[in-house]
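Remarks on the structure that follows.
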Amino acid sequence: MRYDLIIFDNDGVLVDSEPLSNTILAGYLTELGHPTSYEESIRDYMGAAVHRVHDLVKERTGQLLPEDFETTLHARVFEAFERELEPVAGVDEVLGKLTADGTPYCVASSGSHERIRVGHRKTGLDEWFEEEWIFSSQDVGQGKPAPGLFLHAAREMGVAPERCVVIEDSPLGVQAAVAAGMDVYGLTARTSAAELTAAGATGLFARMAELPELLA
């Protein structure tokens, strides 16, 4: 293994949440008078912390979202998670191999701690993650593409950034990893190879089953 720490994004990498959460986000924004398609939600918000939604809506329309926007959005997303959320295919096998090999790993997500834990509990991934291996943009006060979250995760795990690799599926996440001075492999299941390459991905893979060979 040429890396001392594997840092996983959460949404779209560990849990297959992007279709659910972006469908709900697009619908809620449209309901609030800010027409947004599923494709636009993926393009603008995938991989980002929720404050980006506030920022872009204000920038584009001059309007503020309701004070209870995040509470309502999270309630709708969590309800959908409880009904439908599944782990990304093959991720249990990858985490099992890393565990068996003694390779340290963690998760660093723009999502809240609650969102991470709800998703992991529903999909059974909580068995693979100790509490101290879970990092959220809440910990640093900024989401991707800023590098702070990945640097925080590396620091807390006791590994130098250049010895880390990030597993991402969004251009914003790839940009954050590059800015942190880390290698980053992009999952192309829901994002085009061209977008991830343009953001600076070190390499690409289409299925989780391909990841161990890239990391070897």
Side-chain angles (χ1 to χ4, degrees), residues 8-85 88 107-120 122 134-153 166 168-180 184 186-187 189-192 195-196 198-200:
F8 289 94
D9 174 44
N10 188 55
D11 293 292
V13 172
L14 296 177
V15 296
D16 193 17
S17 55
E18 295 294 4
L20 292 173
S21 58
N22 281 284
T23 296
I24 291 166
L25 175 57
Y28 187 28
L29 286 173
T30 300
E31 178 186 317
L32 292 172
H34 306 288
T36 306
S37 68
Y38 171 77
E39 292 76 16
E40 288 168 337
S41 183
I42 288 284
R43 181 195 68 200
D44 292 341
Y45 305 121
M46 181 173 165
V50 72
H51 69 75
R52 180 176 172 87
V53 184
H54 289 271
D55 293 344
L56 284 186
V57 168
K58 183 178 180 182
E59 178 184 314
R60 291 168 174 173
T61 70
Q63 299 177 22
L64 298 177
L65 291 170
E67 289 187 6
D68 64 349
F69 175 80
E70 291 179 40
T71 301
T72 302
L73 176 65
H74 288 155
R76 294 182 183 186
V77 168
F78 294 165
E79 182 181 351
F81 280 7
E82 294 292 349
R83 291 195 314 267
E84 305 176 54
L85 187 63
V88 167
V107 56
S109 172
S110 287
S112 67
H113 277 284
E114 183 182 13
R115 179 188 176 108
I116 299 168
R117 285 162 172 78
V118 167
H120 285 196
K122 173 60 170 62
I134 298 175
F135 304 99
S136 161
S137 62
Q138 289 179 312
D139 301 331
V140 295
Q142 58 181 182
K144 307 162 189 176
L149 173 57
F150 289 140
L151 292 172
H152 171 69
V166 176
E168 266 288 353
D169 71 327
S170 74
L172 291 177
V174 171
Q175 290 168 23
V178 171
V184 52
L187 176 60
R190 298 195 182 278
T191 308
S192 73
E195 289 178 284
L196 295 172

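From a predicted model like this one, the values you see are computed outputs, not experimental measurements.
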Which is it for Glu31 and Thr72 under the side-chain contact (heavy atoms from CB on, under 4.5 Å) test, yes or no, and what are the steps along the way?
-> CA-CA 12 Å; Glu31 178 186 317; Thr72 302; over 6 Å; no
For side-chain contact (heavy atoms from CB on, under 4.5 Å), just list the numbers for Val118 and Glu82, CA-CA rounded to whole Å, side-chain angles, deciding distance to a tenth of an Å, and then say yes or no.
-> CA-CA 8 Å; Val118 167; Glu82 294 292 349; 4.0 Å; yes
Please step through side-chain contact (heavy atoms from CB on, under 4.5 Å) for the pair Arg190 and Asp16, ending with a clear verdict.
-> CA-CA 10 Å; Arg190 298 195 182 278; Asp16 193 17; 3.2 Å; yes
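Of the inter-residue distances, the one linking Ser17 atom OG with Asn22 atom CG reads 8.5 Å to the nearest 0.5 angstrom. To the nearest 0.5 Å, atom CG of residue Asp9 and atom CZ of residue Phe150 are 6.5 Å apart. Note: Glu70 CD to His51 NE2 = 9.5 Å, rounded to the nearest 0.5 Å. With rounding to the nearest 0.5 angstrom, the OG atom of Ser21 is 7.0 Å from the CD1 atom of Ile42. Summarising the geometry, atom OG1 belonging to Thr191 is positioned 7.5 Å from atom CD belonging to Glu18; distances are rounded to the nearest 0.5 Å. Taking CZ from Arg60 and CG from Asp55, the interatomic distance works out to 11.0 Å, rounded to the nearest 0.5 Å.
Side-chain atoms of Val13 and Val88, non-hydrogen and from C-beta on, never get closer than 4.5 Å to each other. Using a 4.5 Å heavy-atom threshold, the side chains of Leu172 and Gln175 count as touching. When side chains are defined from C-beta on, Leu64 counts as touching Lys58, because their heavy atoms get closer than 4.5 Å. Residues Val178 and Val184 have side chains in contact (heavy-atom distance under 4.5 Å, counting atoms from C-beta outward). The shortest side-chain heavy-atom distance between Asp11 and Met46 does not fall under the 4.5 Å cut-off. Side-chain contact check for Leu29 versus Leu65: some heavy-atom pair is nearer than 4.5 Å. You'll find the side chain of Glu195 stays beyond 4.5 Å of the side chain of Val174, heavy atoms only. Under the 4.5 Å side-chain criterion, counting only non-hydrogen atoms from C-beta, Val15 is in contact with His120.
The nearest pair of heavy atoms linking Gly12 to Asp169 is CA-OD2, 3.4 Å. The shortest non-hydrogen separation linking Val53 to Tyr45 is CA-CE2, 3.6 Å. Of all heavy-atom pairs between Pro171 and Ala199, the closest is O-CB, 3.7 Å. When all heavy atoms of Ser137 and Ser110 are compared, the pair lying nearest together is OG-O, 2.7 Å. Taking every heavy atom of both residues into account, Ala146 and Ala176 meet most closely at O-CB, 3.5 Å.
A side-chain donor-acceptor contact under 3.5 Å links Arg52 to the backbone of Asp44. Judged purely by atom type and a 3.5 angstrom limit, Thr36 uses its side chain to pair as donor or acceptor with the backbone of His34. For the pair Lys122 (side chain) and Leu85 (backbone), a donor-acceptor distance under 3.5 Å is present.
Ring pair Phe81/Phe78 is tilted by interplanar angle, where 30° to 60° counts as tilted. Note: His54 and Phe69 have perpendicular aromatic rings, judged against thresholds of 30 and 60 degrees for the angle between ring planes.
A salt bridge is defined here as a Lys NZ or Arg NE, NH1 or NH2 lying under 4.0 Å from an Asp or Glu carboxylate O, and Arg83 with Glu79 meets this definition.
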